[in-house]
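Report on the following structure.
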Amino acid sequence: MADIQARVEHALERCLPPSDVAPMRLHQAMRYSVLGGGKRVRPLLAFAAGELAKADPLRLETVACAVELIHAYSLVHDDLPCMDDDSMRRGKPTTHVEYDEATALLVGDSLQTLAFGVLAEGRLCDDPARQMELVSLLARASGSRGMAGGQAIDLDAVGKPLSVEELEFMHIHKTGALIRSAVQLGAACGNVDADGQDRLDHFGKRAGLLFQVVDDILDAEADSATLGKTAGKDAAQNKPTYVSILGIGRAREMADELKAQALAALEPFGPSAQRLAELTQFIVARRF
Ligand code: GRG
């Protein structure tokens with residue numbers, strides 16, 4: 001994990017605009033928002049799925065960067081006063097606190113377009129039409145039918161009682177869609193047969209939801225210093241979560257069930273899915 005995290009860090013450094021190139025403040029803020037923090041779970045998933053598909057690591061670097069840039073943009077925008085209004089992220093002041101709101105808005109915009117530039121410009125597939133499908137896959141995962149749509153549902157849900165099904169629908173979009181796309185993009189850089197793609201996709205969906213259930217548990221139980229972001233925000237903002245709807249015990253059971261389902265989807269791949277299995281364990285065991 002440490003090797004891939006370092007590799008992705010260098011690749012992100014290379015694809016972000018240099019901080020001494022105009023507009024310098026915007027470029028500095030983009031680098032501030034992306035570099036030197038974060039677990040890089042989505043890049044790790046892309047690499048692990050790519051390893052299973054025997055993909056070229058250089059291609060995996062490209063898709064890993066694209067997904068992480070979208071993720072970083074979403075965090076910058078999510079922290080803005082008009083959304084979650086948070087002052088701490090990855091153990092440091094959020095982008096709009098360190099810079100200003102307008103800059104943070106432009107950072108998110110620029111990271112999003114950079115992500116698609118990176119994905120379109122690198123050579124990911126031998127067939128250009130197939131590469132266009134990958135660009136479109138990331139667009140769907142991050143747009144109104146994916147992450148941004150999930151965020152809209154989330155904002156609308158504050159203070160409202162949601163059923164478990166409604167909560168699941170929200171998180172499949174808000175958090176799950178991008179995690180699923182990381183697995184799909186990594187696998188698409190190599191070769192997996194149709195049956196394998198279906199199984200990997202099932203894994204990606206379960207892993208995405210698992211990530212969110214664990215996130216809800218951590219928000220309720222961990223402290224801000226460990227999380228690197230404000231803890232207890234869901235309850236303070238009266239947001240529906242797996243913990244508030246199911247209680248902490250049932251939320252933990254749900255995490256166990258999702259983990260088992262994710263691991264079961266990997267079983268037929270045998271040892272080639274070992275890294276994906278290890279990452280599943282990491283998603284559950286993480287402390288931030
Ligand atoms: C603003 C369009 C738009 C979308 C925002 C993903 C999201 C939607 C908001 C983030 C809010 C949040 C805390 C969601 C819970 C799950 C999540 C994405 C946690 C943060 O991801 P990690 O733990 O963060 O992978 P690091 O810092 O490790 O990269």
Side-chain angles (χ1 to χ4, degrees), residues 1 5 8-9 12 32-46 64-65 67-96 101 104-105 107-109 111-113 115 138-158 167-168 170-182 207-220 222 224 226-237 239-243 255 279 282-288:
M1 276 176 64
Q5 283 163 333
V8 169
E9 188 76 15
L12 286 167
Y32 175 86
S33 308
V34 175
L35 299 175
K39 300 176 288 297
R40 312 296 191 206
V41 167
R42 295 150 194 81
L44 286 164
L45 284 166
C65 284
V67 177
E68 187 67 12
L69 289 168
I70 294 283
H71 171 59
Y73 123 68
S74 81
L75 298 182
V76 173
H77 278 189
D78 182 65
D79 290 332
L80 282 169
C82 62
M83 296 218 190
D84 236 15
D85 192 9
D86 219 325
S87 58
M88 187 160 96
R89 169 75 63 185
R90 294 176 167 174
K92 58 186 189 180
T94 45
T95 306
H96 67 275
E101 270 184 58
L105 194 69
V107 163
D109 295 341
L111 292 178
Q112 180 171 198
T113 48
L138 187 64
R140 273 197 308 275
S142 40
S144 64
R145 293 180 181 192
M147 180 184 73
Q151 179 78 345
I153 302 169
D154 182 310
L155 292 171
D156 203 40
V158 174
L167 188 69
E168 186 168 309
M170 173 173 95
H171 287 311
I172 281 172
H173 291 80
K174 187 179 115 170
T175 318
L178 198 61
I179 289 183
R180 178 182 173 195
S181 78
L209 204 52
L210 172 64
F211 187 93
Q212 183 61 52
V213 177
V214 173
D215 211 72
D216 285 356
I217 296 172
L218 288 174
D219 184 78
S224 301
T226 311
L227 286 182
K229 60 182 180 181
T230 315
K233 272 206 86 172
D234 294 335
Q237 291 182 335
K239 274 194 173 184
T241 69
Y242 286 100
V243 175
L279 277 171
F282 171 71
I283 287 173
V284 180
R286 70 199 171 99
R287 288 288 160 259
F288 65 95

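Order of appearance sets the numbers: ligands from 1, and atoms from 1 within every ligand. Throughout, residue positions are numbered sequentially from 1 according to the sequence presented.
- The single protein non-hydrogen atom nearest to atom 17 (C) of ligand 1 is Phe211 CE2, 3.9 Å, given as residue, atom name and distance.
- Remark: distances from the non-hydrogen atoms of Phe288 to ligand 1 are all 4.0 Å or more.
- Within the model, atoms CD1 of Ile153 and NE2 of His173 stand 6.0 Å from one another, a figure rounded to the nearest 0.5 Å.
- By the criterion of a heavy-atom distance under 4.0 Å, the side chain of Tyr73, and not its backbone, is placed next to ligand 1.
- The closest approach between any non-hydrogen atom of Val41 and ligand 1 is not below 4.0 Å.
- Side-chain contact check for Thr230 and Asp86: at least one donor-acceptor pair (N or O, by modelled atom type) lies under 3.5 Å.
- At least one donor-acceptor pair under 3.5 Å links the side chain of Arg286 to the backbone N or O of Phe211.
- Considering every non-hydrogen atom in both Lys39 and Leu44, the closest pair reads O-CD1, 3.7 Å.
- Contact check on Arg90 versus Asp79 returns no salt bridge, with no Lys/Arg side-chain nitrogen under 4.0 Å from an Asp/Glu carboxylate oxygen.
- Scanning all protein heavy atoms for the shortest distance to atom 13 (C) of ligand 1 gives Lys229 NZ, 3.7 Å.
- With hydrogens and angles disregarded, a donor-acceptor distance shorter than 3.5 Å links the side chain of Glu9 to the backbone of Gly36.
- The Thr175 neighbourhood of ligand 1 comprises atoms 16 (C), with distances under 4.0 Å to a heavy atom of that residue.
- For atom 11 (C) of ligand 1, the closest heavy atom belonging to the protein is Asp78 OD2, 3.1 Å.
- The nearest protein atom to atom 12 (C) of ligand 1, hydrogens excluded, is given as Lys174 NZ, 4.2 Å; this is a heavy-atom distance.
- Looking from atom 24 (O) of ligand 1 to the surrounding protein, the closest heavy atom is His71 NE2, 3.5 Å.
- Between atom 4 (C) of ligand 1 and the options Arg40, Arg42, Gln112, Gln151, the minimum heavy-atom separation is to Gln151.
- Remark: among candidates His77, Arg90, Lys39, Met83, the nearest residue to atom 27 (O) of ligand 1 is Arg90, based on non-hydrogen atoms.
- Counting heavy atoms from C-beta outward, Leu279 and Val41 have side chains that stay 4.5 Å or more apart.
- At least one side-chain heavy atom of Asp154 sits less than 4.5 Å from a side-chain heavy atom of Lys239.
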